[in-house]
Trainee: 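Please find one structure pasted underneath; my questions will follow.
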Amino acid sequence: MLNDLSFIQPNKIFPPVCETERLQNYKDNLLLFNDSTYLVSKKEFKDSNQRIIRILNDYSDIIGYPIDLNYHKLTSVSIADLVCGEQPTIKCEKDKNFEKLVTSVDFYNKIRQWVIDISRQGDAVSRVYSQENKDGSGAPAVAVVQPSSLFKVVDVDDKDHLLNIVLATPVELEDSTEEKPKWELRVQIHYEGYYIKKIFKLEPIPKNPNFKLPSGRTNLDLQRFIIKQQIGKDEEVKTGISDFAVRSMHQLVTSDSCYGHDDYSSLDPILAEIWARLGQIAIILDKHTRPDVYAALSAFEQNSRGEWQLKVGGGNTYALNQGDPIPGYLTWDGQLVACFNELNLLFEQLYKVSEMGPIYEAAGKSTNIAWETMKATFVKPLAKARRITNDITNELKKILSSVAQLNGQKIEPEDITIDWYDGLPNDEKQEIEKATMKINADLSTPEQENVDRFNLTQEMAKEIAEKVDERNSKKQASMFGGFSNPTPNDDEGE
């Protein structure tokens, strides 16, 4: 962990050694998410990778491809669906215009991006800033920042005490060439209320395959640099926010780190073996399903090169002597029961370790499932989704509080409420029963339930309430209209 800003100085190596493995994991996991599994597995699981490649007819330079099942992306996208596929409700009772502000910064879409980053990298980063409009005025905006730019500086005695947040990004310049590479390190050192901008020249360090990280890992392909002289002077930028403009969210933070744990690392060994087994099965099937011909020796002849081949006459006919068997194709019935049994065991472990087994199984089925059954089946994935919402809710409130402050509104994080939903298809009967129970218990009103539970606008809910009142009045009039109270004129007539 970083305890001061000394790593952003000339003649220092960037990124620092203590952050290198985290950044390498980020890079690998992005490749896994983007369907480049083979590029990662060839350096992480070399033995398995050699068993994955399928080679047709021994022409590996012409046709050769790996088995690639992207369970990584399926995991991240599915957990994002469970967390925010059903849009959360974000409110602030103190400000009626707050919901418009949330929508104006595209906050719901940002939440989905942060959740995917948390799943695939363990961390997600946001930055609140003032975006200049065409007329020159400023408007609050929220950026989703790649976690690879984040460097947290924490107290040596308390890792949860944040001293600085540094955003540092190496940028290759347009005129850079392989012979003369040109890089810059663009840095923002964030404090509460402002940040310092710095730019440094970078000198690339040749990649060393034998470079060993503190964990013992050697398969590093992350580009490292030496920080050279600073370009220009420091520039101080006011953020207009009393807190840090950059905030980070993490999954499963432990006592030995100030960063989170991703969903991919625990799946990689199991998936590597699954890929290898599927690759081996494919190799066997490729080899034994080739059209190999058998025929009597008299059906063959030597060509000009001395090679034996079948005697073929006109119209693709074979010349046979009397009594010779008819040529045919060899067929092979592979016994791969043991392979498939092991695959079933591996998939079973994958489902347990990932906590996403029901999601994986549902992805390949189109059967109708009762709502109660689905809810019970998805217990583990839903628990995983709730862990993430618990980890990020407070940070999301702080981000929105900063957005409101930049917009000239004083809204504290505790004034904001975020209601999460499970992302599963709603059962209309269940929802109506829940709404009715809340209304009968005086915990809500029909109008409020129509807005919160059934996603109607305030105007639509009000219109429905008026129509319901009108219908009820007509019912009462039709039922009790003949028993109206006598008027004073009726008494006088008597």
Side-chain angles (χ1 to χ4, degrees), residues 24-81 116 119-121 217 219 221 262-292 329-367 377-378 380-381 384:
Q24 180 67 59
N25 287 337
Y26 287 169
K27 182 177 180 181
D28 291 344
N29 289 355
L30 285 177
L31 288 171
L32 292 172
F33 183 85
N34 292 321
D35 301 300
S36 299
T37 306
Y38 181 67
L39 296 178
V40 178
S41 61
K42 73 178 181 182
K43 58 188 186 63
E44 295 292 339
F45 304 101
K46 294 179 182 179
D47 176 63
S48 294
N49 212 62
Q50 293 299 319
R51 295 183 289 161
I52 293 173
I53 282 292
R54 296 173 63 191
I55 299 173
L56 301 185
N57 298 328
D58 298 324
Y59 294 112
S60 59
D61 55 333
I62 302 175
I63 303 175
Y65 53 94
I67 298 294
D68 190 345
L69 303 175
N70 200 339
Y71 277 87
H72 299 93
K73 180 186 286 186
L74 177 60
T75 299
S76 296
V77 172
S78 298
I79 201 68
D81 288 339
I116 289 176
S119 173
R120 66 185 184 177
Q121 296 173 297
R217 183 176 175 180
N219 51 356
D221 67 348
D262 61 80
D263 289 334
Y264 293 2
S265 298
S266 57
L267 306 184
D268 288 342
I270 302 175
L271 284 171
E273 189 63 25
I274 288 175
W275 294 326
R277 291 299 174 187
L278 289 173
Q280 289 174 332
I281 292 172
I283 290 172
I284 293 172
L285 294 177
D286 288 339
K287 179 178 180 181
H288 292 282
T289 55
R290 290 182 303 183
D292 294 327
Y329 290 98
L330 285 171
T331 58
W332 175 80
D333 182 18
Q335 298 297 320
L336 298 173
V337 176
C339 290
F340 286 110
N341 286 340
E342 183 178 0
L343 273 176
N344 289 335
L345 178 62
L346 289 169
F347 276 111
E348 182 181 336
Q349 299 308 311
L350 176 66
Y351 293 172
K352 290 180 181 179
V353 172
S354 68
E355 301 179 272
M356 300 292 284
I359 298 290
Y360 297 155
E361 291 181 340
K365 298 179 181 179
S366 58
T367 55
T377 304
F378 280 61
K380 290 299 290 183
K384 183 181 181 70

Trainee: Sequence neighbours left out, what passes side chain to side chain contact (heavy atoms under 4.5 Å, CB included) with Ser78? Give chain and number order.
Mentor: Leu74, Met356, Ile359

Trainee: Side-chain contact test, heavy atoms from C-beta onward, threshold under 4.5 Å: evaluate it for Asn25 versus Gln121 and give yes or no.
Mentor: no

Trainee: Kindly assign one of parallel, tilted or perpendicular to the pair His72 and Tyr264, based on the angle between their ring planes and the thresholds 30° and 60°.
Mentor: perpendicular

Trainee: Flag the pair Glu342 / Glu273 as yes when at least one side-chain heavy-atom distance between them is below 4.5 Å, and no otherwise.
Mentor: yes

Trainee: List for me each residue that meets side chain to side chain donor-acceptor pair (under 3.5 Å) alongside Thr75, sequence neighbours excluded, and say none if there are none.
Mentor: Tyr360

Trainee: Quick one: closest heavy-atom pair of Ile79 and Pro381, and the distance?
Mentor: CD1-O, 4.1 Å

Trainee: Measure the CG-CH2 distance between Leu278 and Trp275 for me, rounded to the nearest 0.5 Å.
Mentor: 10.5 Å

Trainee: List in chain and number order the residues that pass side chain to side chain donor-acceptor pair (under 3.5 Å) with Tyr71, two or more places apart in sequence or in another chain; answer none if no residue qualifies.
Mentor: none

Trainee: Looking only at heavy atoms, what is the nearest atom pair of Ser265 and Pro269, with distance?
Mentor: O-CD, 3.4 Å

Trainee: I'd like to know whether NZ of Lys380 has more than 12 heavy-atom contacts from other residues, nucleotides or ligands below 6.0 angstrom.
Mentor: no

Trainee: Checking Lys384 now: which residues fulfil side chain to side chain donor-acceptor pair (under 3.5 Å) with it, not counting sequence neighbours?
Mentor: Asp263

Trainee: Could you give the distance from CG (Leu350) to CD1 (Ile274), rounded to the nearest 0.5 Å?
Mentor: 5.0 Å

Trainee: Show your reasoning for whether side-chain contact (heavy atoms from CB on, under 4.5 Å) applies to Ile270 and Phe347.
Mentor: CA-CA 8 Å; Ile270 302 175; Phe347 276 111; over 6 Å; no

Trainee: To the nearest 0.5 Å, tell me how far Arg277 CZ sits from Leu336 CG.
Mentor: 11.5 Å

Trainee: How long is the straight-line distance from CG of Asp268 back to CG of Asn29, given to the nearest 0.5 Å?
Mentor: 6.5 Å

Trainee: Over all heavy atoms of both residues, which pair between Phe33 and Ser76 is shortest? Give the atoms and the distance, please.
Mentor: CE1-CB, 3.9 Å

Trainee: Output all residues satisfying side chain to side chain contact (heavy atoms under 4.5 Å, CB included) with Lys352, sequence neighbours left out; order by chain, then residue number.
Mentor: Glu348, Gln349

Trainee: Report the residues that fulfil salt bridge (Lys or Arg N to Asp or Glu O under 4.0 Å) with Asp262, sequence neighbours left out, ordered by chain and then residue number.
Mentor: none

Trainee: Would you call Leu32 and Asn70 a side-chain contact if the rule is heavy atoms closer than 4.5 Å?
Mentor: no

